[in-house]
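Notes follow the structure.
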Number of protein chains: 2
Amino acid sequence: MGPDEHPASLSQQLQRGNLMAAACPSRDVLKHVTSRWGVLVLMALETDTLRFSALRRAVGGVSERMLAQTLQWLEGDGLVERIAYDVVPPHVEYSLTPLGREAAEKVRVLADWIETSLPRIARAWEERQRD
Amino acid sequence: MGPDEHPASLSQQLQRGNLMAAACPSRDVLKHVTSRWGVLVLMALETDTLRFSALRRAVGGVSERMLAQTLQWLEGDGLVERIAYDVVPPHVEYSLTPLGREAAEKVRVLADWIETSLPRIARAWEERQRD
DNA sequence: AACATTTGTGTGCGTACTTACGGAAAGTAA
DNA sequence: TTACTTTCCGTAAGTACGCACACAAATGTT
């Protein structure tokens, strides 16, 4: 019921995706990749294969529940590979797929920019104080 | 509370930021920039200065409430500039600051990657069906 | 007089996310 | 026997998100 539903032919929308359209399936991927923990998980796995608990230590502040859910999302999108060894106690290793590594690269560029730009952004915060 | 609170000296953390640490202020900026609507707003404003309602039309599916909130976040971080003309009915224009243009560029690279990679990601979805 | 315009804020209400806690499995060490 | 390990899932509870709707303001059109 959006006001601007460019049909754009379903086939074309599936081939390329149009994020600005409300119904685009890209929105789901974007949601997973840019989710609160998705960004950090991708970056943590960019260099290393990690077990669940190591990943949890690497990503500060994430709960077990959310880490598991985030990993399931990314696995479902084909960005993360999950290898479970059938032993007790469980031993599960997470790594990035080739697709995941591409995503992680893009995400890291953004994260690096934020980290290095933080002083400039903090200046905006201070100015906002003086309103 | 976290198990790995590298103090890293507050000054250093403020200078550069360490996203993997739970308490890093970069996390807030990341939250705004990668928020559901933040990404799309930055991309919509990358090319044009837009009024509120034009922006709402450009970003499919966003409610007035959330668009206003998202714009306030980005304005507070110094990424978006808001110019309000004192007339009735109200006339407000939104555009990106130089800082915002840098962020938009990074975000667009990620969004473009998702859109063009959608076919490969969709393949992962289909495989997941056959579990 | 009644209505439309534009950019929001305030209110209610349902949905989604997020956390904290407890539990499961099969062995090993105390 | 009890505790401990690892990787989650189930549940309850709290927080945030998101939508629909009404409301505001000064001027112009019906």
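All values below come from the heavy atoms of this structure, side chains included, with hydrogens, waters and symmetry mates left out. First the proteins, then the strands, lettered A, B, ... as listed; each starts at 1.
The shortest side-chain heavy-atom distance between B:L110 and A:V109 does not fall under the 4.5 Å cut-off. Using a 4.5 Å heavy-atom threshold, the side chains of B:W37 and B:L40 count as touching. Using a 4.5 Å heavy-atom cutoff, the side chains of A:V33 and A:V39 are not in contact.
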Donor-acceptor contacts, no H, no angles, side chain residues 67-80 of chain A, under 3.5 Å, sequence neighbours left out:
unit_1	atom_1	unit_2	atom_2	d
A:T70	OG1	A:M66	O	2.7
A:D77	OD1	B:W125	NE1	2.8
A:D77	OD2	A:H32	ND1	2.6

Donor-acceptor pairs under 3.5 angstrom involving side-chain atoms of residues 82-94 of chain B: please list them, not counting sequence neighbours.
unit_1	atom_1	unit_2	atom_2	d
B:R82	NE	B:Y94	OH	3.3
B:H91	ND1	B:R51	NH1	3.4
B:H91	NE2	B:E93	OE2	3.3

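We find that CG of A:L67 is positioned 15 Å from C1' of C:dC17, with the value rounded to whole Å. At whole-Å resolution of the value, CE in A:M66 and C1' in C:dC21 are 14 Å apart.
Judged by closest nucleotide on DNA chain C, A:S63 is the one of A:S63 and A:P89 placed further toward the 5' end.
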Please enumerate all protein N or O atoms sitting under 3.5 Å from an N or O of nucleotides 7-13 of chain C, with distances to 0.1 Å.
unit_1	atom_1	unit_2	atom_2	d
C:dT7	OP1	B:R51	NE	2.9
C:dT7	OP1	B:R51	NH2	3.3
C:dT7	OP2	B:S53	N	3.2
C:dT7	OP2	B:S53	OG	2.7
C:dG8	OP1	B:R82	NE	3.4
C:dG8	OP1	B:R82	NH2	2.4
C:dG8	OP2	B:Y94	OH	2.3
C:dG8	N7	B:E64	OE1	3.4
C:dT9	OP1	B:Q72	NE2	3.0
C:dT9	OP2	B:Q72	NE2	3.4
C:dT11	O4	B:R65	NE	3.4

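From the 5' end on, the contacts that DNA chain D makes with chain A at under 4.0 Å to a non-hydrogen atom open and close at D:dT5 to D:dT11.
Every residue meeting the side-chain contact (heavy atoms from CB on, under 4.5 Å) condition with B:S95, not counting sequence neighbours, appears here in chain and number order: B:T49, B:E81.
The backbone N or O of B:I114 lies less than 3.5 Å from no partner atom in the side chain of B:S117, so there is not a single donor-acceptor pair.
Annotation: salt bridge (Lys or Arg N to Asp or Glu O under 4.0 Å) contacts involving residues 21-48 of chain A, sequence neighbours excluded, comprise A:E46-A:R108.
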